[in-house]
Colleague: 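One structure coming up, written as C-alpha cells, with questions to follow.
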Amino acid sequence: MTAPHRRPLIAGNWKMNGTLKEAADLVNALVKDLGSPSHEVIVAPPFTALTVVGELLKKSPIKLSAQDMHWENSGAFTGEVSGAMLKDAGCHAVILGHSERRRMFGDTDGVVQKKLKAALAQKLVPIVCIGETLEERESQRTFKVLETQVKGALTGFAPSDLSTVVLAYEPVWAIGTGKTATPDQAQEAHLFVRKQVAGLYGDALAQGMRILYGGSVTPENVDTLMAQPDVDGALVGGASLKPIGFLRIVNFKSPAAH
Ligand code: 13P
C-alpha cells in the first residue's frame, strides 16, 4: 500500500472515445454512485467533451483532465489545444507523453519536457507517462528506457516546480492487451522510477511524488497492484469507460485499510 502521505489517485483516460451524449451518460453514472471516495479521482475525456463533462462534475469530487496539450499558449498551430485553453475549459490536470502520443504522434522526451513546463505554468497537474515496449523489456532495456524518459521529461526544473507532478508507469506491452504487469513487475519499475527522481531532485520530492500504474488495469487486478508500496494509483484506459467497473477500481481494497 502506498505511503500515507501520497493520496491514491485513480484516473480514467477515455482516449478517443465518446460522443457528447456518451460522455455525459458515463460521467452522470459515475457521479451518481461515487459517494465520497477517500481517493482522488480524475477523468480525462476527449477535448470535445471537456466542457460538457466539466459542467456535470461541478458538484462532484471528480476532477477533470485533458489527454494532451501544446506547449505554446496560442498561435498558428492548427489542430492543437493549449494549456491556457484547458485551464479555461475547467481542467485540473493533463496527461502528457502517453505512449500512444509518443509512438503515433511524435512526442519525444524533449516535447514532453516542453509540455510539462507549459502545464506547470498554467497550474495544471501534469500526469507524465513513461514505459517500455515489449522489445525493450525482452532485451533487458526497461530500466535504461525509464531512466531516459524520466530524465528527458523532468530535467531543467527546480524541485519546488515539480511538487504537483504525477508520473504514470505504463508498460506499452500492457496497454489494451489484457496483459497486466504483475504486481512485482510494477513495484520494481515504480521503485526504480522513484529512485531516478530522488537522484535528480532529492528524496523529499521523490517520496512525495505519486506514481500511477497503467496497462490493462481491471476490477480484478487493481487490489493486488495497489497493495504494492510504490504503486500510488492507476491510469485506466478501457475499463474506465464502464461506470461499474471504474467505480470498483476507484474503490480498490487495500490491505492496509483493514
Ligand atoms: P488500458 O487500461 O486500456 O490498457 O489503457 C491503459 C492506458 O493507456 C491508460 O492511459
Side-chain angles (χ1 to χ4, degrees), residues 8-18 22-23 26-27 30 39-47 49-50 53 62-69 86 91-105 107 112 115-116 119 124-134 136-137 142 145-146 149-150 153 165-183 185-186 189-190 193 210-226 228 231-252:
L9 165 59
I10 306 292
N13 174 10
W14 296 1
K15 308 195 178 182
M16 196 172 74
N17 291 292
E22 285 163 350
L26 175 52
V27 82
L30 294 177
H39 313 137
E40 191 174 352
V41 185
I42 287 180
V43 291
F47 288 132
L50 284 174
V53 170
I62 303 176
K63 294 172 185 158
L64 187 66
S65 173
Q67 301 174 13
D68 187 33
M69 59 176 266
L86 297 181
C91 285
H92 166 82
V94 61
I95 297 169
L96 299 176
H98 192 283
S99 65
E100 286 150 17
R101 300 240 30 113
R102 291 177 186 262
R103 186 162 45 90
M104 292 186 271
F105 305 103
D107 282 17
V112 176
K115 291 182 176 184
L116 174 58
L124 288 160
V125 169
I127 302 174
V128 179
C129 303
I130 53 175
E132 80 288 358
T133 63
L134 183 61
E136 287 160 349
R137 175 162 283 265
T142 298
V145 168
L146 294 178
Q149 289 176 337
V150 169
V165 171
V166 175
L167 293 177
Y169 169 61
E170 298 205 305
V172 179
W173 48 270
I175 295 177
T177 57
K179 204 165 173 270
T180 320
T182 64
Q185 283 173 326
H190 284 222
V193 168
R210 290 179 294 181
I211 307 176
L212 316 182
Y213 168 79
S216 297
V217 174
T218 64
E220 290 73 35
N221 60 32
V222 67
D223 298 344
T224 48
L225 287 162
M226 288 305 301
Q228 300 304 311
V231 177
D232 307 314
L235 183 55
V236 187
S240 72
L241 298 172
K242 304 227 170 69
I244 294 173
F246 186 62
L247 287 169
R248 171 63 182 83
I249 293 172
V250 166
N251 293 311
F252 68 88

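When a ligand or atom number is given, it counts from 1 through the structure's own listing order. In what follows, residues are counted from 1 in the order of the sequence shown.
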Colleague: Report yes or no: do Glu170 and His98 form a side-chain donor-acceptor pair below 3.5 Å?
Modeller: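 The answer is yes; a qualifying pair exists.
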
Colleague: Decide whether the shortest distance between a heavy atom of Ala174 and an atom of ligand 1 is less than 4.0 Å.
Modeller: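 Contact check Ala174 vs ligand 1: positive.
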
Colleague: Please round to the nearest 0.5 Å and tell me the distance separating atom NZ of Lys242 and atom CD1 of Ile249.
Modeller: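 If I round to the nearest 0.5 Å, the distance is 10.5 Å.
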
Colleague: Do any heavy atoms of Gly215 fall under 4.0 Å from ligand 1?
Modeller: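 Heavy atoms of Gly215 do come under 4.0 Å of ligand 1.
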
Colleague: In ligand 1, which numbered atoms sit nearer than 4.0 Å to a non-hydrogen atom of Asn13?
Modeller: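 Matching atoms, with element in brackets: 9 (C), 10 (O).
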
Colleague: Can you tell me how far OH of Tyr213 sits from CG of Leu235, rounded to the nearest 0.5 angstrom?
Modeller: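 Separation between the atoms: 10.5 Å.
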
Colleague: Does Gly176 come within less than 4.0 angstrom of ligand 1, counting non-hydrogen atoms of the residue?
Modeller: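 Per 4.0 Å heavy-atom rule, Gly176 contacts ligand 1.
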
Colleague: Starting from atom 5 (O) of ligand 1, what is the nearest protein heavy atom, named by residue and atom, and what distance separates them?
Modeller: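 Answer, as residue, atom name and distance: Lys15 NZ, 3.3 Å.
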
Colleague: Counting from 1, what ligand 1 atoms have a heavy atom of Gly238 closer than 4.0 Å?
Modeller: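 Those atoms are 1 (P), 2 (O), 3 (O).
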
Colleague: Kindly indicate whether the side chain of Phe252, heavy atoms from C-beta on, has any atom under 4.5 Å from the side chain of Val217.
Modeller: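 When only atoms from C-beta onward are counted, Val217 and Phe252 do not touch, as no gap falls below 4.5 Å.
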
Colleague: Give the residue and atom name of whichever protein heavy atom lies nearest to atom 2 (O) of ligand 1, and the separation in Å to one decimal.
Modeller: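 So the nearest neighbour among protein heavy atoms is Gly237 N, 2.9 Å.
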
Colleague: So which protein heavy atom does atom 7 (C) of ligand 1 come closest to, and at what separation?
Modeller: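 The closest heavy atom on the protein side is Glu170 OE2, 3.1 Å.
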
Colleague: Give yes if a backbone or side-chain nitrogen or oxygen of Thr177 is under 3.5 Å from a nitrogen or oxygen of ligand 1, and no if not.
Modeller: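 Such a contact does not occur with ligand 1.
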
Colleague: Evaluate whether atom CE of Met16 has more than 12 neighbouring non-hydrogen atoms of other residues, nucleotides or ligands under 6.0 angstrom away.
Modeller: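 Not buried by this count: 12 neighbours or fewer within 6.0 Å.
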
Colleague: Counting only heavy atoms closer than 4.0 Å, does ligand 1 sit against the backbone of Leu235, its side chain, both, or neither?
Modeller: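 Near ligand 1, Leu235 shows its backbone as well as its side chain.
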
Colleague: Once rounded to the nearest 0.5 Å, what's the spacing between atom OH of Tyr169 and atom CD of Gln149?
Modeller: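 That separation rounds to 9.5 Å.
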
Colleague: Should Cys129 and Leu212 count as side-chain neighbours, where that means a heavy-atom distance under 4.5 Å?
Modeller: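 A side-chain contact under 4.5 Å is absent here.
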
